Amino acid sequence: MFTRRVRGVFEHRKQLLIPSRAEVNQQSSKGRCLVIIKGNVYDLSSYLDSHPGGSSILRQYAGRDATEAFEPIHPDNVIEKHLCREANLGPVADSDMNTAPVSAPIKMSSSGSSLEKSIPSLLRSVVNINDFELVASQKLPARSFAFFKSGAEDEETVQWNRNSWKRIRFCPRVLRPIRTIDLTTSILGTKYSTPFFICPAGGAKLAHLSGDLALTKAAGKHGILHWVPNNTGYSQKQLADARADTQTLYWQIYALEDLSVTEKEIKQAISLGYRAFALTVDANRVGKRERDVRLIIKEEELAGNQADEDNAFASGPTISRSHIFPDFDWTSAVTWLRKMTDLPIAIKGIQSWEDAALCMKYGVHPWLSNHGGRQLEGAPSAVDTLLAIHTHCPEVFRRCDVIVDGGISRGSDIVKALALGAKGVGLGRAFLYALALGELGVDKAIRILKNEVETTMALLGVSSIDSLGPSYVSWVQREHSLLNVAIIR
């Protein structure tokens with residue numbers, strides 16, 4: 001705790017509760033870790049070793065106001081959840097502190113010119129999903145954009161995720177009357193207006209302070225699924241309260257090392273009306289995301305924070321989480337979940353037909369995903385795994401709702417996934433980039449994708465999602481493909 005002298009200073013100010021910025025800085029310079037967040041002073045000294053993101057990021061803000069860095073990546077209740085009451089030392093005295101910026105300012109573009117266009121003007125310039133990435137690269141702080149953009153190691157898997165959809169070709173049918181297109185579909189037992197949905201992707205507040213609230217509201221407006229991420233910047237209740245009257249949300253699960261924390265989250269989600277879950281299983285370690293790491297190193301160097309031992313190459317991404325429970329296997333994981341709920345469960349991170357078959361065996365649904373290429377460099381794309389399932393265990397498509405994500409950037413990609421057997425198609429980065437323009441950006445992204453899906457289906461000669469099937473696509477084999485499947489007909 002504080003030295004006797006400093007405790008006396010605070011006792012002297014106790015009736016006014018106004019420790020000053022100078023006192024915070026003075027104690028931090030002597031080895032304490034005092035940080036100002038949203039106008040309050042917190043003593044994080046005892047929390048350094050248990051912080052999921054490591055101690056270095058906390059020390060970087062010791063004696064300083066960390067509000068601007070804190071708010072985009074933490075839910076409102078995280079302080080009360082993880083810190084004891086005594087860690088809150090009261091409000092800071094300085095009246096000139098701007099501790100809670102209302103919104104992120106327009107940033108300088110990479111070319112050096114300011115991005116001065118208004119939000120409506122920027123929105124008008126967007127005609128496809130890729131345009132949102134360009135806008136986000138210019139509008140967002142470099143570290144925020146790097147967190148969204150980064151993939152594992154050389155980022156070749158990120159690129160393959162996108163390229164693999166291009167290897168699928170259509171087999172259109174003509175002279176079929178198409179008056180209307182019906183996009184409604186069921187994903188894990190709930191009917192939605194479209195087969196695509198907003199993936200659980202942490203860090204939405206890095207794109208816009210409205211974060212997952214904006215994603216939930218835009219999804220509700222259009223009747224699509226928002227699968228809420230575990231690393232959301234808002235509480236389960238806040239997002240549940242933001243739902244439209246007929247809107248259904250799903251929840252993503254990370255089984256944390258302290259399983260009681262995760263069990264509490266699941267039970268609370270059920271009580272709040274979340275109607276399905278996804279257990280993420282491909283992140284027992286965080287992939288080496290070098291784009292993100294390089295910016296973190298650069299920022300720490302600029303701040304004068306350099307560790308005695310050079311281990312920065314092994315540091316984690318901007319947003320971190322607690323350690324994952326290491327001992328689950330198929331039987332224990334599903335048994336653990338089924339003790340709490342009989343709601344639909346997807347296993348997110350399936351990357352082989354063998355594991356898809358195990359999902360079928362255990363009565364859960366396979367979510368084909370390599371974590372957006374952010375975990376294992378060289379992992380198969382969802383397309384690779386879809387084709388392998390067709391070859392080795394097609395029964396999975398009859399008995400499970402197969403969900404896919406990774407590299408989706410066009411409505412035509414969504415239709416290809418559906419033709420290959422997917423029931424739901426998720427987009428993560430695309431909606432985070434769109435969120436850089438707030439809820440209006442997410443709204444436009446949904447409308448763009450819906451238009452592209454409808455156009456693709458009409459030109460394919462299909463008027464409803466249920467009519468799609470493998471006969472509408474063929475596979476263009478890679479030059480040195482490890483797959484033996486050349487055509488799906």
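Values in this document were obtained by computation on a predicted structure and should not be read as measured data. No hydrogens, no waters, no symmetry mates; every other heavy atom, side chains included, goes into these values. Quick note: residue numbers are just sequence positions, from 1.
Here the side chains of I345 and R338 are in contact, with some heavy-atom distance below 4.5 Å. Between L427 and I414 there is a side-chain heavy-atom pair separated by less than 4.5 Å. The side-chain heavy atoms of R374 and F147, taken from C-beta on, include a pair separated by under 4.5 Å. Between F145 and L206 there is no side-chain heavy-atom pair separated by less than 4.5 Å. Taking 4.5 Å as the limit, some side-chain heavy atom of R289 sits within range of a side-chain heavy atom of Q375. With contacts defined as side-chain heavy-atom distances shorter than 4.5 Å, the pair V396/W353 does not qualify. By the 4.5 Å heavy-atom criterion applied to side chains, T248 and L225 are not counted as neighbours. Using a 4.5 Å heavy-atom cutoff, the side chains of E153 and E155 are not in contact.
Side chain to side chain, S464 and D466 fail the donor-acceptor criterion of an N or O pair below 3.5 Å. In this model, a donor atom of one side chain and an acceptor atom of the other lie less than 3.5 Å apart for D258 and S260. At a cut-off of 3.5 Å, with distance as the only test, no side-chain donor of D355 or Q351 sits close to an acceptor on the other residue. A side-chain N or O of T280 and one of Q252 form a donor-acceptor pair less than 3.5 Å apart. Side-chain contact, T331 with Y362: a donor N or O sits under 3.5 Å from an acceptor N or O. Side-chain contact, S369 with D405: a donor N or O sits under 3.5 Å from an acceptor N or O. The closest side-chain donor-acceptor pair between S332 and T335, if any, does not fall under 3.5 angstrom. There is no side-chain donor-acceptor pair under 3.5 Å between S137 and Y433.
A donor-acceptor pair is defined here as one N or O able to donate and one able to accept, closer than 3.5 Å; such a pair exists between the side chain of T391 and the backbone of L387. Side chain of K444 to backbone of V126: a donor-acceptor contact under 3.5 angstrom is found. Checked by atom type and distance alone, the side chain of S193 pairs as donor or acceptor with a backbone atom of G223 at under 3.5 Å. The main-chain N or O of L188 is never found under 3.5 Å from a side-chain atom of K423 such that the two would form a donor-acceptor pair. At least one donor-acceptor pair closer than 3.5 Å links the side chain of N370 to the backbone N or O of G373. The main-chain N or O of R447 is never found under 3.5 Å from a side-chain atom of N451 such that the two would form a donor-acceptor pair. Distance alone, capped at 3.5 Å, places no donor-acceptor pair between the Y254 side chain and the N231 backbone. In this structure a side-chain-to-backbone donor-acceptor pair under 3.5 Å is present from S164 to N161. Checked by atom type and distance alone, the side chain of D182 pairs as donor or acceptor with a backbone atom of T184 at under 3.5 Å. Under a 3.5 Å cut-off, the side chain of H208 and the backbone N or O of L437 do not form any donor-acceptor pair.
Partner F132 forms a side-chain contact (heavy atoms from CB on, under 4.5 Å) with one of N130, I129, L134 and no other, that one being I129. When each of K149, K139, R429 is tested with E133 by the rule salt bridge (charged side-chain N to carboxylate O under 4.0 Å, His left out), just one qualifies, namely K149. Checking each of F325, W330, F328, F277 against W336 for a ring-ring contact (aromatic ring centres under 6.0 Å, His included) leaves exactly one that passes, namely F328.
Annotation for G378 and T157: closest pair N-OG1, 2.6 Å, computed over non-hydrogen atoms. Here the closest non-hydrogen pair linking F196 and I446 is CZ-O, 3.7 Å. Across all non-hydrogen atoms, the minimal contact from F431 to V442 is CD2-CG1, 4.0 Å. Scanning both residues, L183 and K450, for their nearest heavy atoms gives CD1-CG, 3.7 Å. In terms of heavy-atom proximity, S467 sits nearest to V462 at CB-CG1, 3.6 Å. The shortest non-hydrogen separation linking P195 to I465 is CG-CD1, 3.8 Å.
The OG1 atom of T185 lies 13.0 Å from the CD1 atom of I224; values are rounded to the nearest 0.5 Å. Between the OH atom in Y42 and the CD1 atom in I37 there is a gap of 6.5 Å [rounded to 0.5 Å]. Considering OG of S235 and CG of L239, their distance stands at 6.5 Å, rounded to 0.5 Å. To the nearest 0.5 angstrom, E439 atom CD is 6.0 Å from K217 atom NZ. W251 CH2 to Q268 CD: the interatomic distance, rounded to the nearest 0.5 Å, is 8.5 Å. Rounded to the nearest 0.5 Å, atoms CG (D413) and CD1 (I168) are 10.0 Å apart.
Salt bridge absent: D282 and K348 never bring a charged side-chain N and a carboxylate O closer than 4.0 Å. Salt bridge status for E265 with K267: absent, with no side-chain N to carboxylate O gap under 4.0 Å. A salt bridge links D241 to K237: at least one charged side-chain nitrogen sits closer than 4.0 Å to a carboxylate oxygen. Electrostatic pairing of E452 and R410 counts as a salt bridge here, judged by a charged N lying under 4.0 Å from a carboxylate O.
Cation-pi geometry between K416 and Y472 is not met: the NZ or CZ atom fails to fall both under 6.0 Å from the ring centre and inside 45° of the normal.
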Point to revise | Worked check of side-chain contact (heavy atoms from CB on, under 4.5 Å) between L420 and H390 | key: CA-CA 8 Å; L420 287 171; H390 272 285; 4.3 Å; yes

Check your understanding: Would W367 and W227 count as a ring-ring contact (aromatic ring centres under 6.0 Å, His included) if you check the C-alpha gap in whole Å, the side-chain angles of each, and the deciding distance to 0.1 Å?
Key -> CA-CA 13 Å; W367 186 328; W227 208 309; 4.7 Å; yes

**Study point:** Test ring-ring contact (aromatic ring centres under 6.0 Å, His included) applied to Y250 and H226, step by step
**Key:** CA-CA 7 Å; Y250 294 169; H226 179 205; over 10 Å; no

Practice item. Assess whether side-chain contact (heavy atoms from CB on, under 4.5 Å) is satisfied between L249 and R243, documenting all intermediate values. Key: CA-CA 8 Å; L249 299 175; R243 287 175 297 193; 3.5 Å; yes

Practice item. Walk me through it: do H222 and D443 pass the test side-chain contact (heavy atoms from CB on, under 4.5 Å)? Key: CA-CA 8 Å; H222 290 276; D443 174 87; 2.6 Å; yes

Exercise for review: Walk me through it: do Y234 and T216 pass the test side-chain hydrogen bond (donor to acceptor under 3.5 Å, both in side chains)?
Suggested key: CA-CA 11 Å; Y234 289 91; T216 292; over 6 Å; no

Exercise for review: Verify side-chain contact (heavy atoms from CB on, under 4.5 Å) between L460 and L468, making sure each step is shown before the conclusion.
Suggested key: CA-CA 9 Å; L460 200 57; L468 285 167; 3.8 Å; yes

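Partners of A201 by side-chain contact (heavy atoms from CB on, under 4.5 Å), not counting sequence neighbours, listed by chain and number: L432.
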